[in-house]
There are 2 protein chains.
Amino acid sequence: MAVTIQDVAKAAGVSVSTVSRALSSPEMVREETRARVRAVAERLGYRPNLAARGLITGRTANLGVIVPDLTNPFFPSMLKGVQARAREAAHAVFLADSQEDGAQEAGLVAAMAKQVDGVILCASRMTEPQLEEVLGLVPIVFINRAVPARPSVIMDNAGGTRQAVDHLAALGHRHAAYLNGPRSSWTNRERRKGLRRAERHGMKVTHLGPFAPRFEAGQQAADLVLAAGATAVIAYNDVMALGVLARLAERGVPVPARMSVVGCDDISFAAMATPALTTVDLRGEQAGRAAVDTLLNVLAERDGTRRPALESALIVRASTGPAPT
Amino acid sequence: MAVTIQDVAKAAGVSVSTVSRALSSPEMVREETRARVRAVAERLGYRPNLAARGLITGRTANLGVIVPDLTNPFFPSMLKGVQARAREAAHAVFLADSQEDGAQEAGLVAAMAKQVDGVILCASRMTEPQLEEVLGLVPIVFINRAVPARPSVIMDNAGGTRQAVDHLAALGHRHAAYLNGPRSSWTNRERRKGLRRAERHGMKVTHLGPFAPRFEAGQQAADLVLAAGATAVIAYNDVMALGVLARLAERGVPVPARMSVVGCDDISFAAMATPALTTVDLRGEQAGRAAVDTLLNVLAERDGTRRPALESALIVRASTGPAPT
DNA sequence: CGGAGTTGTGAAAAGGATTCCATCATGTGC
DNA sequence: GCACATGATGGAATCCTTTTCACAACTCCG
């Protein structure tokens, strides 16, 4: 049915070895033969069977990506980066959504292991023992989770919240609330580190939560923030921040006149909210690209498997303003 | 390095054929042998090499999905459905983002062809000739594009806009604007069909566009809608509708008091907007699941490859209200 | 008790590509 | 003109699994 290397060999009047070489190591075969073989291959529409190639080379030219939740736009944007970079490197992408479940993540890594050269594991919810289990199966690059002695791409989460704190302090805020994300989240712990900066400004920080990283949690939190008497709020992520914004609008609290709101991730909808949301841009798409590069470096046993955290940047929009007097 | 079927056979003191049977056709091997083999396989952590299996069975247990743009939340939600259903059926998912480019789509199908049993092609931008090119390569199920005599999962786009028109008419609107999506879009043509319903209500419909299906286009369109004197607007999709909402807020036009806004897709952010967006729910996730079912039916040469359009439903929220008097 | 039918297992082929090794023809240097 | 290096090509082994075919042992029946 499908055209194989044998068909091409027969049609071109050469051996299969020559066809293989003509296509993948052109310098080993005479100019004229190469041209003939390639022409025949083209005419027949020959495409090498990657599974067969993978069997012998041990390389599949596939890469796996596991994300916790496709519904949060941060991950699709990261995925887009992975996708684009993978294609440039002639690799295909396997995708799995772990539904924020560490056990599933582990299972997915195992399931992918044989079909991919490596896996990009995003914001892993895995526990240490689960992690141990999969580490030997296949090369893994972590995104947004630092695992000792393992390649990873991390964003400067702490730096991001630090910038947010500086920004709010400069606007005169003396009391901010932080809406914690899930307790198991590595990024949440990192983001909290950045909040220590508040001491330097003599700013009070009230911790609320932990919350699920969802819109509804943001709505719920908004009332708590008001009750706490804070004039600004930093949310674990943009989706929650949008929930805060929505609830404040519902209660008639003007933003930013009475309350400033900061999110995290810079998902596209942050810019589309009314008022547009001030947020920390973690460079998700860039992180996706970097993860692919790192993985390819790991596979080629090149250097470049440990790189500094990606810089994050505060994007100031309309949802933050001077503290109310 | 990795443990193969040979290792298991040796360790269990049987032939490789027996191991293969013990694992995949258990009824063919004696109870006792089966148990021993399985125990050994388990102990050694044996996992069959899917590439090798695929080589001989011709089945890879992989499925490809091609979406036009991961940045639009409609597609991730569909993808999530595909993902979930595929996992239930023990299939893995290859993903590619075509960046709304027909030529890329065709290339991606070809690239995937050998590694997957079938491809789910979403809202294809391919031209007819491009389509011809890939149709023979691999079984394809289309989502949201009807191709004659080809399996597809389609949503009732026309029915959705029809419901939107009925809804607006019931609210007393006499003049609505429709914001067209890309000219090449099959779904845009379908959605327009639903607008004919307006005649029955004696409602005037002003066509604007075509626009790119983006937030910015919605902002741009909002001013045109106001200038046209319409009291309601139906946008090609939610992302555009959110743009309209944002621009109207900016210009101080109250929604829905002076203008009603309807979107399409029911992306999660539609519910999170202020005011919450009335929109047509196309059941993206369900469509994703249905596409997997259809594809599996095609592969098994079962029936069920042609199914009626998924019902769409208008979700009424706060962005639509009685026409201004 | 012998032949037919079952049942459980092993040997070997097949699937499509890569790559090592061998072969052959040519070209170079002495 | 011969030995040897070089370059182009073919043959065969290999990757790992499934599956066909063959075989042996056993049961059952006439």
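Chain A is the first sequence line, chain B the second, and so forth, proteins listed ahead of strands; every chain is numbered from 1.
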Contact nearer the 5' end of DNA chain C, comparing B:Leu55 with B:Glu31
B:Glu31

Enter the inter-axis angle for the ends of the helix from C:dC1-D:dG30 to C:dC30-D:dG1 (five pairs per end, rounded to 10°).
50°

Who passes salt bridge (charged side-chain N to carboxylate O under 4.0 Å, His left out) against A:Arg53, sequence neighbours left out?
none

Any side-chain donor-acceptor pair under 3.5 Å between B:Gln130 and B:Thr127?
yes

Euclidean distance, B:Cys122 SG relative to B:Phe74 CZ, rounded to 0.5 Å
6.5 Å

Using atom names, set out every protein N or O paired with an N or O of nucleotides 24-28 of chain C below 3.5 Å, distance rounded to 0.1 Å.
none

Salt bridge (charged side-chain N to carboxylate O under 4.0 Å, His left out) with A:Lys114: which residues, sequence neighbours excluded?
none

Residue pair B:Pro76 / B:Leu70: nearest heavy atoms and the distance that separates them
CG-O, 3.4 Å

Mind running a 4.0 Å heavy-atom check of residues 5-27 of chain B against DNA chain C and sending the residues that fall below it, in number order?
B:Val14, B:Ser15, B:Ser17, B:Thr18, B:Arg21

Separation of C:dT7 atom P from B:Glu32 atom CD, nearest Å, is 18 Å

Starting from P on C:dA17, measure out to CD on B:Gln115 and report it in whole angstrom.
13 Å

Under a 4.0 Å heavy-atom cut-off, which of residues 41-52 of chain B touch DNA chain C?
B:Ala52

Can you tell me how far C1' of C:dA17 sits from CZ of A:Arg59, to the nearest Å?
17 Å

Judged by nearest nucleotide, the residue sitting upstream toward the 5' end of DNA chain D, B:Thr4 or A:Ile56, is A:Ile56

Of all residues at least two apart in sequence or in a different chain, which pass the salt bridge (charged side-chain N to carboxylate O under 4.0 Å, His left out) check with B:Glu88?
B:Arg85, B:Arg289

Residues in side chain to side chain donor-acceptor pair (under 3.5 Å) with B:Glu285, at least two apart?
none

Salt bridge (charged side-chain N to carboxylate O under 4.0 Å, His left out): pairs with one or both residues in residues 56-78 of chain A, sequence neighbours excluded
A:Asp69-B:Lys80

Which residue pairs pass the side-chain hydrogen bond (donor to acceptor under 3.5 Å, both in side chains) test when at least one of the two sits in residues 18-44 of chain A, sequence neighbours left out?
A:Ser15-A:Thr18

Just the endpoints, please: which first and last nucleotides of DNA chain D, 5' to 3', lie under 4.0 Å from a heavy atom of chain B?
D:dC16 to D:dT20

Quick one: list whatever passes salt bridge (charged side-chain N to carboxylate O under 4.0 Å, His left out) with B:Glu132, sequence neighbours left out.
none

Polar side chain donor-acceptor pair, B:Asn157 to B:Thr187, under 3.5 angstrom
no

